[in-house]
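In what follows, a single structure is set out as structure tokens and then discussed.
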Amino acid sequence: MAVLLETTLGDIVIDLFTEERPKTSLNFLKLCKIKYYNYCLIHNVQRDFIVQTGDPTGNGRGGESVFCKLYGDQARFFDAEKAPRIKHRKKGTVSMVNNGNDQHGSQFLITTGENLDYLDGVHTVFGEVTEGLDVLTKINEVFVDKDFVPFQDIRINHTVVLDDPFDDPADLPIPDRSPEPTKEQLDVRAAADVDALRSLRSQDSGHPAGDGETRSRCSLEIRADKLETLNLSYKVG
């Protein structure tokens with residue numbers, strides 16, 4: 001049971017834990033099938049920790065489950081599946097993001113570090129990256145601002161469901177073909193801030209650790225303290 005994410009930096013294949021996380025997997029598969037994730041920004045990148053996406057608004061506070069498409073706004077989120085417990089042990093673990101109320105919508109994260117135990121029991125693991133770890137590494141290394149938003153415009157261009165064990169609900173709005181991006185989707189955020197990006201690269205050159213690595217190290221130290229606040233903001237990190 002797998003999905004292909006075609007991003008602006010390359011392809012990533014995610015295998016889903018459909019038996020352990022049936023509702024979460026169904027939600028993700030059907031969102032991919034209706035092309036909900038097309039043109040979503042990767043809006044949160046924290047080096048050697050996580051990358052986060054799945055919010056069409058691009059600000060980390062939006063998104064909705066596929067059940068909202070079927071049953072209305074009261075089904076925007078669904079309750080987290082907590083059993084069996086699956087841990088964030090390795091790079092490439094895929095989790096649905098907790099909205100602060102032990103519920104999930106459309107946002108998900110992919111870990112770029114190992115043994116991230118303070119994510120366990122908060123964000124629901126439902127899959128893992130099986131192809132494209134090199135692409136994940138590219139994303140992990142991009143330059144970001146003080147809020148961990150990449151300067152480079154990185155998006156999910158297209159999703160392909162490779163294997164889906166779940167029947168499609170009768171009213172699921174599946175498009176005949178992958179839709180073209182709307183102006184609203186492309187206007188979510190402007191293209192890369194070239195001057196800022198050049199400045200950061202200049203700062204990093206000549207330093208053994210690099211300014212970007214220093215920022216990542218500092219952020220790792222404060223993540224555990226910030227975790228509760230981060231859940232409420234629906235943005236990890």
Side-chain angles (χ1 to χ4, degrees), residues 1-18 21 24-25 28-29 31-32 36-56 58 60 63 86-98 104 106-120 122-145 147-163 189 192 197 200-201 204 209-210 212-217 219-220 223 230 235-237:
M1 320 314 167
V3 167
L4 168 66
L5 305 182
E6 297 177 359
T7 80
T8 49
L9 292 184
D11 295 349
I12 295 173
V13 175
I14 297 172
D15 279 5
L16 306 182
F17 305 148
T18 54
R21 299 286 188 263
T24 308
S25 296
F28 186 74
L29 283 164
L31 286 175
C32 289
Y36 183 87
Y37 291 124
N38 282 25
Y39 314 112
C40 277
L41 283 169
I42 293 177
H43 62 265
N44 183 16
V45 175
Q46 299 188 44
R47 192 173 294 185
D48 301 329
F49 182 43
I50 60 100
V51 303
Q52 184 178 349
T53 185
D55 173 14
I86 308 175
K87 297 185 176 182
H88 298 79
R89 285 181 174 167
K90 62 181 182 178
K91 178 180 178 179
T93 298
V94 184
S95 295
M96 292 302 290
V97 175
N98 191 326
H104 304 307
S106 60
Q107 290 193 47
F108 63 97
L109 64 85
I110 305 176
T111 61
T112 52
E114 298 179 345
N115 297 316
L116 303 176
D117 55 348
Y118 40 90
L119 297 180
D120 296 342
V122 179
H123 308 288
T124 301
V125 176
F126 70 100
E128 62 183 357
V129 173
T130 53
E131 296 180 39
L133 285 172
D134 58 327
V135 177
L136 189 60
T137 296
K138 290 180 186 178
I139 300 172
N140 181 51
E141 294 175 349
V142 300
F143 289 96
V144 299
D145 67 14
D147 296 315
F148 306 108
V149 177
F151 286 107
Q152 185 175 352
D153 194 289
I154 310 170
R155 297 176 185 266
I156 298 173
N157 285 333
H158 185 59
T159 57
V160 180
V161 176
L162 302 176
D163 192 6
R189 177 170 165 267
L197 189 58
L200 281 172
R201 283 175 174 162
D204 271 15
E213 188 169 328
T214 301
R215 286 196 304 275
S216 294
R217 234 185 0 251
S219 67
L220 278 169
R223 280 177 196 136
L230 299 171
K235 185 174 180 179
V236 182

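Looking only at side-chain heavy atoms (C-beta outward), Arg89 and Glu128 stay at 4.5 Å or farther from each other. Between Glu6 and Val160, the closest side-chain pair of non-hydrogen atoms falls below 4.5 Å. At a threshold of 4.5 Å between non-hydrogen side-chain atoms, the residues Phe108 and Thr53 count as touching.
Of the options Leu4, Leu162, Ile14, Thr159, a side-chain contact (heavy atoms from CB on, under 4.5 Å) to Cys32 is made by Thr159 and by none of the others. Of the residues listed (Val94, Val129, Asp134), the one engaging Ile12 in a side-chain contact (heavy atoms from CB on, under 4.5 Å) is Val129, and it is the only one. For the side-chain hydrogen bond (donor to acceptor under 3.5 Å, both in side chains) with Ser95, the qualifying choice from His88, His123, Gln52 is His88, the only one to do so. Screening Thr112, Val125, Leu119 for a side-chain contact (heavy atoms from CB on, under 4.5 Å) with Thr93, the sole residue that qualifies is Val125. No option in Thr111, Asp48, Thr137, Asn115 other than Thr137 meets the side-chain hydrogen bond (donor to acceptor under 3.5 Å, both in side chains) test with Lys91.
Taking OG1 of Thr8 as the start and CZ of Arg155 as the end, the distance is 8.5 Å to the nearest 0.5 Å. To the nearest 0.5 Å, atom CD1 of residue Ile110 and atom CG of residue Leu5 are 6.5 Å apart. Here the CZ atom belonging to Phe49 is positioned 8.0 Å from the CG atom belonging to Leu109, to the nearest 0.5 angstrom. Taking CG of Leu9 as the start and CD1 of Ile154 as the end, the distance is 5.0 Å to the nearest 0.5 Å.
Residues Leu29 and Val161 approach most closely at O-CG2, 3.7 Å, considering heavy atoms. When every heavy atom of Leu133 is checked against every heavy atom of Gly92, the shortest pair comes out as CD2-CA, 4.3 Å. Shown here for Ser106 and Gly63, the closest heavy-atom pair between the two residues is OG-CA, 3.2 Å. In terms of heavy atoms, Arg47 sits closest to Asn140 at CA-OD1, 3.1 Å. Closest approach of Ser25 to Leu16, counting heavy atoms only: OG-CB, 3.9 Å. When all heavy atoms are compared, the tightest approach of Asn44 to Ile50 is ND2-CD1, 3.6 Å.
Although no hydrogens or angles enter the test, the distance criterion places no donor-acceptor pair under 3.5 Å between the side chain of Asp120 and the main chain of Lys87. Checking side-chain atoms of Gln152 against main-chain N and O of Phe143 turns up no donor-acceptor pair under 3.5 Å.
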Next item on the list: Test Met96 against Arg21 for side chain to side chain contact (heavy atoms under 4.5 Å, CB included), laying out the working first.
Entry: CA-CA 11 Å; Met96 292 302 290; Arg21 299 286 188 263; over 6 Å; no
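Between Thr124 and His104, the side chains place a donor N or O and an acceptor N or O closer than 3.5 Å (distance only, hydrogens not considered).
Aromatic ring orientation, Phe28 versus Tyr37: tilted (interplanar angle from 30° to 60°).
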